[in-house]
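Take a look at the structure below.
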Amino acid sequence: MRAVILCGGESSRMGSDKGLLTYQSGTWAQTAAEKFLQINVNVVVSVNDQQKPFYLRLFPEHQLITDDKNIRVRGPLLGLLSVHTQFPGEDLFVLACDMPLMQTGILTLLLQHAAIVNAEAYLFTRDGFYEPLCGIYTAAGLSRVLLLQKTQQLAKHSMTFVLEELNTSSIPLTDEQKKYFKNINTHTELDGL
């Protein structure tokens, strides 16, 4: 298994690259990576070509995976499938960089769930809706999604649509756990950290 920190978004609402914002002792990208290192999961960082020079200041080049231009999708799915093409035999544990409040205990809970349930994707739900940017996507499931994309059978490129195509197992979040999944997208939301 390999952890993927998704940093390749445009950060248009924030106005600056969210993965490079600082929280506690490092950038959001470094903070997310550290959480996976604490639970012994190797990490790569998904970025686009324009971001790579900035992330090379934080991570060794072998940890940076840039978007694959041959994959005709956008958004988080592009980052996920780009990493999958580099590591096709590995399950991927995805975390968006803009969830700086995420806790290692939550990540461990999902790992434990994946160890006892047979599915193609594992994640949490909030009030019945998937939380797709903190989840485990199996190599087999991602291979199927990539094939659908290559054969132009992937009708939508949203992560929620992809999860509906896969055999997905989920854990409902408790009210206490929901705060760890807060996406920070604007400067106003930064004030709440």
**OP:** Could you pull out all residues at least two apart from K156 that satisfy salt bridge (charged side-chain N to carboxylate O under 4.0 Å, His left out)?
**Re:** none

Original post:
If you measure from CG on N118 to OG on S169, what distance do you get to the nearest 0.5 Å?
Top reply: 9.5 Å

Original post:
What is the distance from atom CZ of R72 to atom CG of L78, rounded to the nearest 0.5 Å?
Top reply: 10.0 Å

**OP:** Please tell me if the side chains of Y122 and T138 come closer than 4.5 Å, counting only heavy atoms from C-beta onward.
**Re:** yes

Subject >> Note, V44 side chain near F59 side chain (heavy atom, < 4.5 Å) >> reply: no

Original post:
Considering all heavy atoms of both residues, which atom of A3 and which atom of V41 are nearest to each other, and what is their separation?
Top reply: N-CG1, 3.5 Å

**OP:** Considering non-hydrogen atoms only, spot the tightest contact between L6 and P76 and give its length.
**Re:** CD1-CB, 4.0 Å

Original post:
Are the side chains of V83 and L142 in touch, meaning some heavy atoms are under 4.5 Å apart?
Top reply: no

Original post:
What is the distance from atom CD of Q30 to atom OG1 of T22, rounded to the nearest 0.5 Å?
Top reply: 10.0 Å

Subject >> Side chains of D68 and L81 in contact at under 4.5 Å (non-hydrogen atoms) >> reply: no

Original post:
Heavy atoms, side chains only, cut-off 4.5 Å: are V145 and H84 in contact?
Top reply: no

**OP:** Compare all side-chain heavy atoms of E131 with those of M99 and state whether any distance is below 4.5 angstrom.
**Re:** yes

Subject >> Passing option when F93 is tested against F87, F36, Y137 for ring pair (Phe, Tyr, Trp, His ring centres under 6.0 Å) >> reply: F36

**OP:** Check whether any side-chain heavy atom of L107 lies under 4.5 Å from a side-chain heavy atom of Q38, and answer yes or no.
**Re:** no

Original post:
What is the distance from atom CG of L64 to atom CG of L56, rounded to the nearest 0.5 Å?
Top reply: 5.0 Å

Original post:
side-chain hydrogen bond (donor to acceptor under 3.5 Å, both in side chains) between E176 and T174: does it pass, once the steps are laid out?
Top reply: CA-CA 5 Å; E176 174 65 22; T174 66; over 6 Å; no

Subject >> Which atom of Y130 lies closest to which atom of T160, heavy atoms considered >> reply: CD1-CG2, 4.4 Å

Original post:
So K178 and D175, salt bridge (charged side-chain N to carboxylate O under 4.0 Å, His left out) or not? Walk me through it.
Top reply: CA-CA 5 Å; K178 290 177 185 177; D175 287 339; 3.1 Å; yes

**OP:** Give the minimum heavy-atom separation between G26 and T31, together with the two atoms involved.
**Re:** O-OG1, 3.9 Å

**OP:** Measure the shortest side-chain to side-chain distance between S46 and Y55 over non-hydrogen atoms and say whether it is less than 4.5 angstrom.
**Re:** no

